[in-house]
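This report refers to the structure that appears directly beneath it.
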Amino acid sequence: MKELFSFLDPPFDALAAAVALAGIFVTFIALSSLFFIWLERKVAGRMQDRLGPTRVGGKFGWLQTVADGIKLLVKEDTTPNGADRILFKMAPYLAFCASFVAFISLPFGNGIVGRELSVGAFFLMAVLACEVFGVILAGYSSGSKWSLFGGIREAAQVVSYEVPRALCVLVPVVVAGTLNLNTMGQQQEGMFWNWRVFHDPFTLVAFFIFFITATASCKRAPFDLAEAESELVAGFHTEYSGLRWSVFFMAEYGSMFAVSAAASLLFLGGWHTGFLPFEPSQEWGLLGHLLNGVVFIGKGFFLVFVMMWMRWSLPRLRIDQVMMTCLKYFLPIACVLLIGVGVWELFAPDWLESGWRYLSSIGSLLAILALIVRLLTAPLSVPKGQLAGAWTGLSTPLMRASGR
Amino acid sequence: MILASVVRTSAGVEAAFNLADYYPIFIFLILLIAFAVGTLVASQITYLLGLKPYKPTEVKLMPYESGMDPIGSARMQFDVKFYLIAILFLVFDLELLFLYPWAVLAYSDGADPKWVEVFRRMVFWEIIVFIALLTIGFVYEWRKGVFRWR
């Protein structure tokens with residue numbers, strides 16, 4: 001990025017590059033959170049047998065989020081009487097800050113990275129963990145009991161899920177031998193059996209544990225105890241309205257994309273399609289970089305979609321279940337995975353390593369294909385054009401009058 | 001400078017840690033603070049222009065307690081369980097800090113392959129001992145009932 005501004009004198013080129021990058025990232029987070037809010041509603045609607053937003057206009061009601069954005073911009077910002085005013089105003093920006101800074105170390109393609117950090121993976125985890133400060137401050141400073149409960153719960157939950165998440169990041173780091181996210185992406189070049197998730201049985205399990213703990217530390221359902229609507233009204237953001245509330249949501253969707261992108265970089269081959277035996281940016285130049293960016297963002301968006309899928313499929317857990325799942329299951333499992341991958345790297349012979357790699361990758365591909373074929377060819381539960389579970393028994397007088 | 005300019009890892013030769021790489025992050029942070037101050041100022045300006053309503057009333061500014069008048073202060077005591085969780089976190093997070101350098105360097109290729117082979121196994125068994133000691137602490141906490149949510 002700095003090279004683009006080489007016509008400026010030394011201190012100013014770095015500054016200009018930083019300003020440009022900041023602009024790009026803020027735009028990216030804002031646009032992707034607009035898209036995610038629309039997607040969340042559509043996914044929720046489809047899963048609950050309804051249509052989701054349709055009324056405002058646009059294809060599939062996409063103007064709904066634009067209308068929401070305008071509403072939030074011109075909505076009154078209230079600060080409750082009991083609130084600690086400075087902390088109350090600071091909290092959303094603190095949360096946004098954490099998820100924003102995490103984007104610097106994410107490579108969107110081969111070398112397309114805000115700042116190539118030699119400790120990228122560690123930096124990403126450390127910075128994303130700081131989001132909890134914003135939430136705790138919001139809970140404490142609101143001067144409302146619901147907010148306080150939400151903030152305290154969030155603190156306990158994120159702090160405990162931090163440990164298995166960081167342990168699961170260590171599993172691919174042991175294999176890669178580096179913390180540099182760009183190098184990690186480059187190592188997974190080529191066909192999809194080079195992806196870390198298929199490297200050995202431990203990374204395969206670590207991917208799922210990482211994804212679950214990352215969901216929990218983004219306070220997404222089924223772990224959204226900080227804002228449990230049925231228990232705490234809206235949890236930590238009960239007292240927030242207007243622009244400040246939307247900054248919290250930008251932070252949440254931003255960190256959802258950041259952890260999904262981290263998962264795809266650490267386990268799912270980063271910006272590689274998995275079906276090209278070479279690095280596209282070296283063969284095709286700018287077109288290859290474009291392909292890399294599209295694939296990387298696509299993988300991130302797909303994992304965010306999976307998070308939404310989980311949210312609308314599973315019921316919310318109780319606080320004790322959430323904490324004990326982490327401390328009694330994820331923490332020991334993550335420790336075993338770490339030792340396991342260490343043993344595998346030391347003692348696994350080459351035939352076992354390459355055998356597992358091809359077997360697991362091709363097996364997973366076949367399993368996914370079989371699942372897709374099964375879903376597409378399965379008999380429909382109700383004929384096309386009818387709703388599942390709709391009343392088809394005795395007709396009402398109104399229906400009889402209309403001739404049905 | 002004590003640190004070498006390049007480090008050799010199993011991922012190849014990389015640039016070593018350089019604090020100057022991290023300066024742009026502080027520029028980012030300054031920009032973000034500017035963004036926060038900018039939105040606060042912009043929201044004040046929209047109030048002045050009359051684009052946003054500002055009509056505070058006594059009831060509107062009351063902390064929300066499901067429609068009731070708030071009972072007591074919100075600065076109340078919370079359960080000691082959460083405090084125990086925080087203490088647990090400290091122990092395990094320190095463990096992680098020690099494991100990160102091991103994970104990066106343990107399987108990197110050094111100059112002499114024979115020495116690397118010996119070193120790798122030795123460090124691996126040290127890490128096993130380290131994790132075993134932590135496991136003892138974990139089991140002790142479990143037996144003490146720290147993980148029971150009462």
Side-chain angles (χ1 to χ4, degrees), chain A residues 14-15 17-19 22 26 74-82 89 93 97 100-101 104 115 117-119 122 142-148 152 155-156 159-160 162-163 166-167 170 173-174 176-180 183 187 233 238-239 243 319-320 323-324 327-328 331 335 338-339 342 345-346, chain B residues 9-12 14-18 21-25 27-29 31-32 35-36 39-40 43 46 51-56 60-66 70 73-74 76 78 81-82 85-86 88-89 92-93 96 99-100 103-104 106-108 120-121 124 127-128 131 135 138 142 147 149:
Chain A
L15 198 67
V19 171
V26 169
V74 296
K75 197 177 170 183
E76 182 179 357
D77 285 326
T78 56
T79 311
N81 273 333
K89 285 177 183 166
Y93 298 106
C97 189
F100 172 82
V101 174
I104 297 179
R115 195 74 203 172
L117 300 176
S118 50
V119 292
F122 187 72
S142 288
S144 160
K145 283 168 198 140
W146 297 130
S147 302
L148 181 74
I152 296 295
V159 144
S160 11
E162 196 52 40
V163 178
L167 278 171
L170 277 179
V173 165
V174 165
T178 177
L179 285 167
N180 187 331
T183 316
Q187 285 170 347
V233 186
T238 306
E239 299 294 346
L243 196 62
I319 178 80
D320 61 325
M323 305 305 292
M324 294 313 114
L327 293 171
K328 286 186 182 169
L331 190 54
C335 280
L338 186 63
I339 296 172
E345 283 288 292
L346 267 188
Chain B
T9 65
S10 58
E14 282 183 0
F17 178 81
N18 183 9
D21 286 345
Y22 292 79
Y23 293 158
I25 292 165
I27 302 177
F28 270 55
L29 278 174
L31 285 169
L32 198 81
F35 170 75
T39 33
L40 289 176
S43 86
T46 48
L51 291 171
K52 258 179 181 180
Y54 184 62
K55 293 171 189 128
K60 195 192 268 178
L61 294 184
M62 213 180 252
Y64 182 73
E65 213 154 281
S66 309
S73 165
M76 52 195 286
F78 52 85
K81 285 180 298 213
F82 294 102
I85 294 285
L88 267 179
F89 164 74
F92 284 108
D93 218 41
L96 281 177
L99 285 176
Y100 263 91
V104 177
Y107 300 101
S108 63
R120 217 174 247 188
R121 300 204 170 186
F124 176 75
I127 283 295
I128 292 285
I131 291 179
T135 312
F138 184 75
W142 196 322
F147 301 153
W149 196 265

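The model shown is predicted, which means the values in this text are computed figures rather than measured ones. Chain identifiers are assigned alphabetically (A, B, ...) following the order of the sequence lines, protein sequences preceding nucleic acid strands; residue numbering begins at 1 within each chain.
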What part of B:Leu32 is in contact with chain A, defined as an atom under 4.5 angstrom from a non-hydrogen atom: side chain, backbone, both or neither? side chain

Hey, could you give me the CE/OG1 distance between B:Met62 and A:Thr78, rounded to the nearest 0.5 Å? 13.5 Å

Proximity breakdown for B:Ile128 and chain A, heavy-atom pairs closer than 4.5 Å: side chain

Is chain A contacted by the side chain of B:Phe124, its backbone, both, or neither, given a heavy-atom distance below 4.5 Å? side chain

Output, in order, the C-alpha distance, side-chain angles, deciding distance and verdict of side-chain contact (heavy atoms from CB on, under 4.5 Å) for A:Leu179 and A:Leu117. CA-CA 8 Å; A:Leu179 285 167; A:Leu117 300 176; over 6 Å; no

Proximal component of A:Ile152, with respect to chain B [non-hydrogen, under 4.5 Å]: both

Largest heavy-atom contact set with chain A, pairs under 4.5 Å, which of B:Leu96, B:Ile127, B:Leu88, B:Leu31: B:Leu96

From A:Leu327 atom CG to A:Ser160 atom OG, the distance as rounded to the nearest 0.5 Å: 5.5 Å

From the list B:Tyr64, B:Phe35, B:Phe82, the residue making the most non-hydrogen contacts under 4.5 Å with chain A is B:Tyr64

Given B:Asp93, B:Ile131, B:Leu99, the one with more heavy-atom pairs under 4.5 angstrom with chain A than any other is B:Leu99

Taking every non-hydrogen pair under 4.5 Å, which of A:Ile104, A:Leu243, A:Thr79, A:Val19 racks up the most with chain B? A:Ile104

Not counting sequence neighbours, which residues clear salt bridge (charged side-chain N to carboxylate O under 4.0 Å, His left out) with B:Lys60? List them please. A:Glu76

Heavy-atom pairs under 4.5 Å with chain B: which of A:Ser142, A:Cys335, A:Ala156 has the most? A:Ala156

Measure distances from A:Val101 to the heavy atoms of chain B and classify the residue's part below 4.5 Å as side chain, backbone, both or neither. side chain

Heavy-atom nearest pair, B:Phe138 first then B:Phe92, reads CD1-CZ, 3.4 Å

Using a 4.5 angstrom heavy-atom cutoff, name the option from A:Val163, A:Ile319, A:Leu170 with the most pairs to chain B. A:Leu170

Under 3.5 Å, is there a donor-acceptor pair between the side chain of A:Glu239 and the main chain of A:Pro80? no

Segment of A:Ser147 engaging chain B (4.5 angstrom heavy-atom cut-off): neither

With rounding to the nearest 0.5 angstrom, report the NZ to CG distance, A:Lys89 to B:Leu40. 7.0 Å

Between B:Phe28 and A:Phe100, how do the two ring planes meet: parallel, tilted or perpendicular, split at 30° and 60°? tilted

